[in-house]
*Asks:* 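Before anything else, here's the structure in question.
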Amino acid sequence: MHLHDIQAELKTPPTPGRKRAILVSTGSYCPIHKGHLENFDAVAKFLSEKCKIDPIVGYISPSCDSYVSHKLGQESIYYLHRYEMVKIA
């Protein structure tokens, strides 16, 4: 979803009795995998069904190289590669 699509969505009033949310997740994503995406789906479903909150869009933000290399050492993947993997996922 592009920024202009999100802006258009936010200009329309929410469904009466419901709220809206933008989901954000940060982490190493070294590499991103199916489980990360399934978590997003589970959270969106829970918010919609149990909390009357409609997720508009979700953003996945990989952590910076210094954090990931400190955490994973030689096993770390450069940020730009992780970023591209997130875009493909």
*Asks:* So do the side chains of Leu37 and Ile32 get within less than 4.5 Å of each other, counting heavy atoms only?
*Replies:*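 SC-SC contact between Leu37 and Ile32 confirmed.
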*Asks:* Determine whether a donor-acceptor pair (N or O, by modelled atom type, separation under 3.5 Å) exists between the side chain of His33 and the backbone of Gly35.
*Replies:* yes
*Asks:* For residues Asp65 and Tyr78, determine if any side-chain heavy atom of one lies less than 4.5 Å from a side-chain heavy atom of the other.
*Replies:*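 They are in contact (side-chain heavy atoms under 4.5 Å apart), so the answer is yes.
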*Asks:* Heavy-atom distance under 4.5 Å between the side chains of Leu10 and Ile56, does that happen here?
*Replies:*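 Result yes, sub-4.5 Å side-chain heavy-atom pair found.
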*Asks:* Tell me, do Ser25 and Phe40 make a side-chain contact under 4.5 Å, heavy atoms counted?
*Replies:*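 When only atoms from C-beta onward are counted, Phe40 and Ser25 do touch, with a gap below 4.5 Å.
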*Asks:* Evaluate side-chain contact (heavy atoms from CB on, under 4.5 Å) for Ser28 paired with Tyr67, printing each intermediate quantity in order.
*Replies:* CA-CA 8 Å; Ser28 298; Tyr67 171 78; 3.7 Å; yes
*Asks:* Passes side-chain contact (heavy atoms from CB on, under 4.5 Å), Ile22 versus Tyr59? Steps please.
*Replies:* CA-CA 8 Å; Ile22 295 174; Tyr59 288 102; 3.8 Å; yes
*Asks:* Would you say the side chain of Lys52 lies within less than 4.5 Å of the side chain of Leu47, judging by non-hydrogen atoms?
*Replies:*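 No, too far: nothing below the 4.5 Å cut-off.
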*Asks:* Begin from the C-alpha positions of Val57 and Leu23 and carry the test side-chain contact (heavy atoms from CB on, under 4.5 Å) through to its verdict.
*Replies:* CA-CA 6 Å; Val57 67; Leu23 306 180; over 6 Å; no
*Asks:* Can you confirm whether Arg20 sits close enough to Thr12 that some side-chain heavy atom of one is under 4.5 Å from a side-chain heavy atom of the other?
*Replies:* yes
*Asks:* Do Arg82 and Pro31 come within less than 4.5 Å of each other through their side chains, counting heavy atoms only?
*Replies:* no
*Asks:* Please examine the side chains of Tyr29 and His36, heavy atoms only from C-beta on, and report whether any two atoms are closer than 4.5 Å.
*Replies:*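 Yes, their side chains come closer than 4.5 Å.
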*Asks:* Would you name the heavy atoms of Ser66 and Ser69 that are closest together and state the gap between them?
*Replies:*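 Ser66 and Ser69 have their closest heavy atoms at O-OG, 3.3 Å.
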*Asks:* Counting only heavy atoms from other residues, nucleotides and ligands, does the tally under 6.0 Å from NE2 of His81 exceed 12?
*Replies:* no
*Asks:* So how far is it from Ile88 CD1 to Tyr83 OH, rounded to the nearest 0.5 Å?
*Replies:* 11.5 Å
*Asks:* Regarding Arg18 and Ser48, do their side chains bring together a donor and an acceptor under 3.5 Å, going by distance alone?
*Replies:*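 Arg18 vs Ser48: donor-acceptor pair found between side chains.
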*Asks:* Evaluate whether atom OH of Tyr79 has more than 12 neighbouring non-hydrogen atoms of other residues, nucleotides or ligands under 6.0 angstrom away.
*Replies:* yes
*Asks:* How long is the gap from SG on Cys30 to CD1 on Ile77, to the nearest 0.5 Å?
*Replies:* 4.0 Å
*Asks:* Once rounded to the nearest 0.5 Å, what's the spacing between atom NZ of Lys34 and atom CG of Asn39?
*Replies:*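 Interatomic distance, Lys34 NZ to Asn39 CG, rounded to 0.5 Å: 12.5 Å.
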